[in-house]
Amino acid sequence: MGRWLMSLLPVAEALDRILAAIAGPVEAEEVPITRAAGRTLAADLRATRTQPPFPASAMDGYAVRAADVATVPARLRLIGTSAAGHGFAGPLGPGEAVRIFTGAPVPEGADAILIQENAEAVGETVTAREPVAAGRFLRRAGLDFRGDETLLRAGETLDARRLALAASAGHAVLPVRRKPCVAVLATGDELVRPGEPAAWDQIVASNGLALAALSLEAGAETIDLGIVSDDLAALRDAVGRARAAEADLLVTLGGASVGDHDLVQAALGAEGMELGFWRVALRPGKPLMHGRLGRMAVIGLPGNPVSSIVCGLLFVVPAIRALLGDPRAGEDRSEPALLGRDMPANDARQDYLRARLDTAPDRLPVAHPETRQDSSMLSVLGTSEALLIRPPHAGPAKAGDPCRIIRLDRRIL
């Protein structure tokens, strides 16, 4: 085994170091609930009211006393109607019934709902055809939640279901973390923007778009620093622009190694960056760099498209979630699966193999690694459904053996 392999940082340790270097979550702010979709809660959220605030009917029918319909047929006197938003204000006495609709308040004195399928109404008389037990089809006050109950925790992302809960709990304004600012810097003389003419020795830049999309999905806002040539002064200028914009995280793409044309680390060092590490034992993505430049965290990703996206998922997304105060930022998002074919022994690097999934409801998914795993091939990544994880020094494995995967067809949060 080469000495360079021995000096590589394990993936888990690299992530731990990145998250440990996050000074703390970004500041909190308050936003109207109508603009809070996708934001991250900055504080626990308590209910301001009880839901439902009154005993409510779960069905259309008649509010009754269970004792009055214990023996059927039972005839009751209809004394009024209770509808959602228009409750019946009076009490219900023995031998009486109130026409009621789903969600409407249950009158005082009633303890059950006789559903309309089991009743017959003629004029002011209701005949019960089936008995009903006390509490049946009745939602007690506070069934969903009670006032001052903690419903959501700091660090949770406000998706549709959590927003609905916050609204139901009476909140019109929510405390959220401001969106971390992520500056994305692509480097290399060989790159052109999509739609621009490319010379015979150039390629279209894709990494910046991918990392910006990952950052937005993780809850950040992004600054596009453009494509910077392999020039030390130009790179230092771009880093200066990131600092002037008060970016929380600078993500560089390409040039993170130490070759003759890999100047990113040198430019950052000239600006005063404190280097944490720059090589990780993973494939794809070995030349990954991390450091701090004042209050700004720095993650330098490889230039190969697949490498940068895989490393973005593994390291950039958790860093953004840590900036948002998410207590699950470093949580393992892998899940169990079965190997779809035999695999050889692995070396000292942790592999993330692009794979297709064979799924069925009664068993674990089966992960079939793609035969082509070159880190420049976006066509393979684009059609893959998961990353198959092969730990360092893993021995030979057979089809059907257990493995771990990270799904690519699910939201990152």
Side-chain angles (χ1 to χ4, degrees), residues 18 21-23 26 178-198 202-259 261-276 278 285 287-320 322-324 378:
I18 289 174
I22 300 295
V26 296
R178 73 162 171 84
K179 293 184 178 182
C181 179
V182 177
V184 180
L185 170 62
T187 69
D189 293 338
E190 75 280 12
L191 301 177
V192 297
R193 288 183 179 276
E196 292 181 350
Q202 292 184 304
I203 59 174
V204 178
S206 59
N207 304 20
L209 292 170
L211 267 295
L214 281 177
S215 299
L216 290 172
E217 189 177 355
E221 61 182 8
T222 62
I223 299 173
D224 181 7
L225 295 175
I227 300 171
V228 179
S229 63
D230 295 320
D231 177 82
L232 187 61
L235 288 168
R236 292 188 65 175
D237 176 73
V239 173
R241 285 187 280 128
R243 299 183 75 177
E246 298 185 339
D248 299 290
L249 173 62
L250 170 62
V251 177
T252 65
L253 303 168
S257 190
V258 291
H261 298 282
D262 297 319
L263 302 175
V264 171
Q265 192 175 145
L268 288 163
E271 290 295 309
M273 183 187 74
E274 179 184 350
L275 180 65
W278 72 274
L288 184 135
M289 175 184 62
H290 170 254
R292 290 201 64 85
L293 190 51
R295 60 175 296 276
M296 183 173 67
V298 179
I299 300 179
L301 302 183
N304 282 334
V306 174
S307 300
S308 65
I309 293 172
V310 170
C311 289
L313 286 167
L314 295 178
F315 302 108
V316 175
V317 168
I320 293 171
L323 286 166
L324 286 165
L378 281 172

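The residues of the chain are indexed from 1 along the displayed sequence.
Nearest approach of Leu211 to Leu253, heavy atoms of both residues: CG-CD2, 4.0 Å. Of all heavy-atom pairs spanning Leu301 and Cys311, the tightest one is CD2-CB, 3.8 Å. Nearest heavy atom pair, residue Ser215 against residue Val316, reads OG-CG1, 4.3 Å. Closest of all the heavy-atom pairs between Ala218 and Val317 is CB-CG1, 4.2 Å. For the residue pair Pro302 and Gly285, the shortest heavy atom distance occurs at CG-CA, 3.6 Å. Of all non-hydrogen atoms in Val228 and Ala238, the two that sit nearest each other are CG2-CB, 3.8 Å.
At least one side-chain heavy atom of Leu225 sits less than 4.5 Å from a side-chain heavy atom of Leu250. Under the 4.5 Å side-chain criterion, counting only non-hydrogen atoms from C-beta, Leu324 is in contact with Ile320. Under the 4.5 Å side-chain criterion, counting only non-hydrogen atoms from C-beta, Val192 is not in contact with Ile227. In this structure the side chain of Leu313 reaches within 4.5 angstrom of the side chain of Leu214, judged on heavy atoms. In this structure, the side chains of Arg243 and Glu271 come closer than 4.5 Å at one or more pairs of heavy atoms. The closest side-chain heavy-atom distance from Met289 to Leu268 is below 4.5 Å. The closest side-chain heavy-atom distance from Ile203 to Leu191 is below 4.5 Å. Between Trp278 and His290, the closest side-chain pair of non-hydrogen atoms is not below 4.5 Å.
Atom CG in Asn304 sits 9.5 Å away from atom CG in Leu378 (nearest 0.5 Å). The CG atom of Leu288 lies 7.0 Å from the CD1 atom of Ile299; values are rounded to the nearest 0.5 Å. Taking CD from Gln265 and CG from Leu235, the interatomic distance works out to 12.5 Å, rounded to the nearest 0.5 Å. Within the model, atoms OG of Ser206 and CZ of Arg193 stand 13.0 Å from one another, a figure rounded to the nearest 0.5 Å. Taken from OG1 in Thr187 to CG in Asp231, the straight-line distance is 12.0 Å, to the nearest 0.5 Å. If you take CG on Asp237 and CG on Leu232, they are separated by 11.5 Å, rounding to the nearest 0.5 Å.
Remark: the backbone N or O of Gly226 is paired with a side-chain donor or acceptor of Asp224 at under 3.5 angstrom. Put simply, the side chain of Asn207 gets close to the backbone of Gly303: a donor and an acceptor are under 3.5 Å apart. Between the side chain of Arg292 and the main chain of Arg295, a donor-acceptor pair closer than 3.5 Å is present.
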**OP:** Kindly indicate, with the supporting measurements, whether the criterion salt bridge (Lys or Arg N to Asp or Glu O under 4.0 Å) is fulfilled by Asp248 and Lys179.
**Re:** CA-CA 10 Å; Asp248 299 290; Lys179 293 184 178 182; over 6 Å; no

**OP:** I would like to know whether Val182 and Val251 meet side-chain contact (heavy atoms from CB on, under 4.5 Å); could you show each step before the answer?
**Re:** CA-CA 7 Å; Val182 177; Val251 177; 3.9 Å; yes

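Heavy-atom contacts from other residues, nucleotides or ligands closer than 6.0 Å to CD of Glu246 number 12 or fewer. The neighbour count for Gln202 CD, taken as heavy atoms of other residues, nucleotides or ligands under 6.0 Å away, is above 12.
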